[in-house]
Amino acid sequence: MTDDSATPAIALDHVSCRFISADGKATLALQDFSRTVERGKFCAVVGPTGCGKSTTLSLITGLLKPTTGSVRVMGQPVDGIDPRIGFVFQNDAIFPWRNVIDNVAAGPLFRGREPARAKEMAEAWVHRVGLAGFERHYSHQLSGGMRKRVSLAQTFVNSPEILLMDEPFSALDMQTRTVMQDELLQLWAESGSSVVFVTHDLEEAIALADEVIVLTARPATVKKIYGIELPRPRVMPGVRYEDKFIAYARSIWDDLRADAGMG
């Protein structure tokens, strides 16, 4: 009998992904990309602009299919959208015609929960992300940080086993971004989800993740993987000043700078 807990949450095996543009030109986004993400781990992905970081997320969700190679989730080949996967986008996926509580309840309702139970779950998560008192507000009445809290509640209310995040905090100011990073780490620690977090912010990647995958310029492949040996729980404003954090930042920046042709 196999031990399911030993099966990686995500496995990409020698994946290549080629796009054909409207004018018929072929673009190779990923080439011979291999990596696993173990269950419960927080993995960050960094690389030069346009290298294909977001393409890896689309392959995991099933929105894209690899040209060659294989993608597996919980040991099974990816075949369409997997309900065990939650996704947080750079832009808020909030329905402007629904208030906060109805936005958060939408996921459970879609998954077949009774309306009363869906509302109960939504209310609990609205409170957990610090939006108590704003249940009846609409998106235009919320700040950027509050809308991002709604997005996190929308995702975590469905208890995802895998959480994919594509530059989720990039539009926020630094202070709000730091608060949201701390909030994410707390929610992740409680949920036990496996996370793949795409970011352009090197310091964000190091501060959040168990490992940082550095990609090459397009066509992207894995250039180097850094295991981030910083103790948890981490407090975002403080962790950046640790000597080990600074050493990681220097090494990873050197990798990125060399691949970007910056000397």
Side-chain angles (χ1 to χ4, degrees), residues 8-10 33-54 56-57 88-90 129-130 144-145 148-149 151-152 155-156 162-217 220-263:
I10 300 165
F33 184 104
S34 295
R35 188 57 192 157
T36 60
V37 177
E38 302 303 321
R39 299 195 186 202
K41 295 298 183 181
F42 197 123
C43 173
V45 181
V46 299
T49 299
C51 72
K53 298 184 292 296
S54 297
T56 63
L57 300 186
V88 181
F89 299 91
Q90 181 175 355
V129 298
K148 194 56 65 178
R149 289 177 183 272
S151 294
L152 290 177
T155 303
F156 278 100
I162 294 173
L163 182 59
L164 307 180
M165 310 189 78
D166 192 0
E167 298 276 358
F169 306 139
S170 61
L172 302 177
D173 64 81
M174 181 55 69
Q175 182 177 355
T176 304
R177 187 171 185 162
T178 300
V179 171
M180 293 310 305
Q181 290 165 345
D182 275 330
E183 188 75 30
L184 171 62
L185 284 181
Q186 182 177 344
L187 294 175
W188 164 69
E190 294 170 0
S191 72
S193 299
S194 308
V195 180
V196 180
F197 189 102
V198 166
T199 179
H200 283 93
D201 186 327
L202 178 55
E203 291 192 357
E204 179 176 62
I206 298 167
L208 291 173
D210 294 313
E211 68 174 24
V212 175
I213 299 176
V214 182
L215 302 186
T216 65
T221 192
V222 176
K223 180 171 187 175
K224 196 167 183 178
I225 297 170
Y226 288 83
I228 306 300
E229 297 179 0
L230 295 171
R232 295 191 186 275
R234 298 176 192 167
V235 179
M236 299 306 291
V239 71
R240 302 172 193 268
Y241 299 103
E242 296 186 16
D243 290 342
K244 189 175 285 188
F245 180 99
I246 296 169
Y248 284 131
R250 285 174 175 164
S251 295
I252 299 174
W253 171 241
D254 285 344
D255 285 335
L256 292 172
R257 182 175 57 184
D259 213 60
M262 298 169 64

Partner of R234 by side-chain contact (heavy atoms from CB on, under 4.5 Å), out of L185, I206, L208, D182 =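 Of the listed options, the one satisfying the test is L185.
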
Measure the shortest side-chain to side-chain distance between [X] and [Y] over non-hydrogen atoms and say whether it is less than 4.5 angstrom.
X    : Y    : value
V46  : E204 : no
D166 : F89  : no
E183 : V179 : no
C43  : E211 : yes

[X] versus [Y], closest heavy-atom pair with distance:
X    : Y    : value
T176 : G145 : CG2-CA, 3.6 Å
F197 : P168 : CE1-CG, 3.4 Å
T199 : D201 : OG1-N, 2.9 Å
E38  : S194 : O-OG, 3.6 Å
K244 : E229 : CD-O, 3.1 Å

Identify, with sequence neighbours excluded, every residue that meets ring-ring contact (aromatic ring centres under 6.0 Å, His included) alongside F169.
-> none

For the atom pair [atom1] ([X]) and [atom2] ([Y]), what is the distance rounded to the nearest 0.5 Å?
X    : Y    : atom1 : atom2 : value
K41  : W188 : NZ    : CH2   : 7.5 Å
H200 : K53  : NE2   : NZ    : 3.5 Å
D210 : L230 : CG    : CG    : 10.0 Å

